[in-house]
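Have a look at the structure below, then the notes.
All ligand and atom numbering here is 1-based and tracks the order in the structure. Counting begins at 1 with the first residue of the sequence.
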Amino acid sequence: MKRREIFAGNWKMYTTLSEALELVKGIIDGLGNIGSREVIVFPPAVNAREVVKACGGKISVGLQNMYHEKEGAFTGEISPVMVKDAGARYILIGHSERRHVFKESDGMINKKVKAAYEYGLEPVLCVGELLEEREAGNSEIVVEAQLRAACEGISAEQMKKMVIAYEPVWAIGTGKVATPEIADSMHKSIRKVLAALYGNDIAAMVPILYGGSVKPDNIAGLFSPEDIDGVLVGGASLKAKSFLDIIHVKL
Ligand code: PEP
């Protein structure tokens with residue numbers, strides 16, 4: 001079975017409303033025929049509803065973060081219900097900036113994954129090791145632990161709607177990209193963990209994206225190996241031209 005191919009753009013804390021709408025227009029204008037490829041953008045939450053409208057179903061929309069509770073006295077947070085109500089389909093969970101800058105624990109990430117399914121959102125779950133963990137030879141162990149913790153209590157049926165992004169922390173926003181060999185071997189190890197948890201059929205269905213300094217000039221190598229089903233792009237997704245060059249790789 002052919003897995004979904006996904007090209008996702010994480011806009012982080014960039015773009016005002018007018019910049020976001022201009023970016024969406026640029027992407028849609030240049031998209032052309034991308035076959036069954038799926039494009040997702042993750043704008044800042046405050047502009048979600050307008051971005052969903054501007055995407056007009058041609059591009060999917062997700063948000064970058066949420067709290068796990070439905071509602072309550074949690075000043076500054078947004079709930080899964082609000083994310084859904086804004087028209088988003090996906091929710092990014094466990095991005096390395098959330099894990100390391102905002103100190104989100106594996107337990108919090110698991111609660112968010114559960115909340116995503118409870119309220120009808122599809123999680124894009126990020127996992128990835130720090131530089132010191134890679135240098136110590138512990139990348140697979142770290143990523144397996146993140147994966148097992150995030151998926152605790154998640155059923156095989158729910159996993160069919162999961163997207164995983166392998167994002168080595170040392171490659172995010174640093175210009176240091178993982179080699180296709182490193183990415184492919186980490187993706188294979190992630191798929192092995194999924195197979196151990198949910199069986200081969202489910203493991204074979206889950207798209208695994210690579211993220212970390214993906215650019216137009218390195219996408220061709222990264223999109224070659226059999227276990228890389230797409231990419232999650234930060235910086236290079238903020239310009240329509242560079243994001244389109246990535247989306248159009250080997251079409
Ligand atoms: C990201 O934000 O998920 C990311 C991979 O960023 P960049 O492409 O800028 O490294």
Problem set entry | Proximal ligand 1 atoms for G212, defined as those under 4.0 Å from one of its heavy atoms | 5 (C), 10 (O)

Seminar exercise, completed: Sequence neighbours excluded, the answer for side chain to side chain donor-acceptor pair (under 3.5 Å) partners of N200 is none

Exercise. Taking C-beta and beyond as the side chain, do L251 and I34 meet within less than 4.5 Å on heavy atoms?
Worked result: yes

For this session: Number the atoms of ligand 1 from 1 as they appear, then name those within less than 4.0 Å of a heavy atom of S213, with their elements.
Result: 7 (P), 8 (O), 10 (O)

For this session: Identify which of K12, K176, Q64 has a heavy atom lying nearest to atom 2 (O) of ligand 1.
Result: K12

For this session: Report yes if the side chains of L92 and R98 come closer than 4.5 Å at any heavy-atom pair, otherwise no.
Result: no

Problem set entry | Under 4.0 Å to a heavy atom of G173 - the qualifying atoms of ligand 1, by number | 7 (P), 9 (O), 10 (O)

Ignoring hydrogens and angles, write down the donor-acceptor pairs under 3.5 Å from the side chains of residues 164-178, residues two or more places apart or on other chains.
unit_1	atom_1	unit_2	atom_2	d
Y166	OH	E129	OE1	2.9
Y166	OH	E129	OE2	2.9
E167	OE1	H95	NE2	3.4
W170	NE1	E129	OE2	2.9
T174	OG1	W170	O	2.8
T174	OG1	A171	O	3.4
T174	OG1	K176	N	3.1

For this session: Evaluate the side-chain proximity of L194 to I202: yes if any heavy-atom separation is below 4.5 Å, no if none is.
Result: no

Exercise. Does an N or O anywhere in E167 fall below 3.5 Å from an N or O of ligand 1?
Worked result: yes

Problem set entry | Contacting atoms of ligand 1, where contact means under 4.0 angstrom from a heavy atom of A171 | 10 (O)

Seminar exercise, completed: Residue, atom and distance of the protein heavy atom nearest atom 8 (O) of ligand 1 read G234 N, 2.8 Å

Seminar exercise, completed: atom 1 (C) of ligand 1: closest protein heavy atom, distance to 0.1 Å, is H95 NE2, 3.2 Å

Exercise. What atoms of ligand 1 come closer than 4.0 angstrom to any heavy atom of N10?
Worked result: 1 (C), 2 (O), 3 (O)

Problem set entry | Under 3.5 Å: N/O of G235 near N/O of ligand 1 | yes

Exercise. Side chains of S60 and E38: is there a donor and an acceptor less than 3.5 Å apart?
Worked result: yes

Exercise. When you check the gap from the basic side-chain N to the acidic O, do R148 and D106 get nearer than 4.0 Å?
Worked result: no

